[in-house]
Amino acid sequence: QVQLVESGGGSVQAGGSLRLSCAVSGYEMSRYCLGWFRQAPGKEREVVAAIINRDGSTTYADSVKGRFTISQDNAKNTLYLQMKSLKPEDTAVYYCAARRMSSNGYCYVDYNYWGPGTQVTVSS
């Protein structure tokens, strides 16, 4: 099955940028719908950004719209999250996740595959 490993986390000052990467292996990433989640201390895990169909349509949490960009490079088997204008409230463990894509190019409901996460810390 698919395996996911995040990288690129770290500590950054508010207003700075980071690019997270998720290496996808074990299967063709085009067979999966990929997304980024995060979980801050004391809070529930939330969707940050996701690719929601085969055409590459995306969705973003309102809190990150205009600042974060999700992208997928099939040739490199890598999912990215470009994060700009980072805020302290962006501090969280970030996870990439995958769900299966249906035969007609739509994403199944459940994310069944997860990476171990990478820490992002934004200081004010």
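Basis for what follows: all heavy atoms, side chains included, without hydrogens, waters or symmetry-related copies.
- Contact record, Trp36 with Leu20: CH2-CB, 3.7 Å, taken as the closest heavy-atom pair.
- Hydrophobic clustering (side-chain heavy atoms under 4.5 Å, transitive across Ile, Leu, Val, Met, Phe, Trp, Tyr) keeps Tyr32 apart from Ile52.
- In the hydrophobic clustering, Tyr95 connects to Phe37, Val47, Val93, Tyr111, Trp114, either directly or through intervening members, whenever side-chain heavy atoms lie under 4.5 Å apart.
- Met83 approaches Val120 most closely through the heavy-atom pair CE-CG2, 3.9 Å.
- For residues 45-124, the set of pairs meeting the disulfide bond (SG atoms under 2.5 Å apart) definition, not counting sequence neighbours, comprises Cys22-Cys96, Cys33-Cys107.
- Contacts of Thr121 classified as side-chain hydrogen bond (donor to acceptor under 3.5 Å, both in side chains), with partners at least two apart in sequence or in another chain: Gln119.
- When the side chain to side chain contact (heavy atoms under 4.5 Å, CB included) test is applied to Ala23, no partner is found at least two apart in sequence or on another chain.
- Nearest heavy-atom pair, Thr91 versus Pro41, reported as atom, atom and distance to 0.1 Å: O-CD, 4.4 Å.
- Summarising the geometry of Gly8 relative to Leu18, their closest heavy-atom pair is O-CD2, 3.9 Å, with the distance given to 0.1 Å.
- Residue pairs meeting the ring pair (Phe, Tyr, Trp, His ring centres under 6.0 Å) criterion with at least one partner in residues 50-89, sequence neighbours excluded, do not occur; the list is empty.
- The two residues Ser124 and Ala14 make their nearest non-hydrogen contact at CA-CB, 4.2 Å.
- Within the structure, salt bridge (charged side-chain N to carboxylate O under 4.0 Å, His left out) contacts touching residues 75-87 (residues at least two apart or in different chains) do not occur.
- A salt bridge (charged side-chain N to carboxylate O under 4.0 Å, His left out) check over residues 54-72, counting only residues at least two apart or in different chains, returns the pairs Asp62-Lys65, Arg67-Asp90.
- Of the candidates Thr58, Ile51, Asn77, Gln72 forms a side chain to side chain contact (heavy atoms under 4.5 Å, CB included) with just one, namely Ile51.
- For Arg31, the side-chain hydrogen bond (donor to acceptor under 3.5 Å, both in side chains) partners at least two apart in sequence or on another chain are Tyr27.
- For residues 95-114, no pair satisfies salt bridge (charged side-chain N to carboxylate O under 4.0 Å, His left out), with sequence neighbours left out.
- Rounding to the nearest 0.5 Å places OG of Ser71 at 7.0 Å from CG of Leu79.
- Asn112 pairs by the side-chain hydrogen bond (donor to acceptor under 3.5 Å, both in side chains) definition with nothing, not counting sequence neighbours.
- Scanning all heavy atoms of the two residues, the minimum distance from Leu34 to Ile70 falls at O-CD1, 4.0 Å.
- Evaluation of the side chain to side chain donor-acceptor pair (under 3.5 Å) test over residues 4-16, restricted to residues two or more places apart or in two chains, returns Gln13-Ser123.
- In this structure Glu46 satisfies the salt bridge (charged side-chain N to carboxylate O under 4.0 Å, His left out) test together with Arg38, sequence neighbours excluded.
- Checking side-chain atoms of Thr118 against main-chain N and O of Tyr94 turns up no donor-acceptor pair under 3.5 Å.
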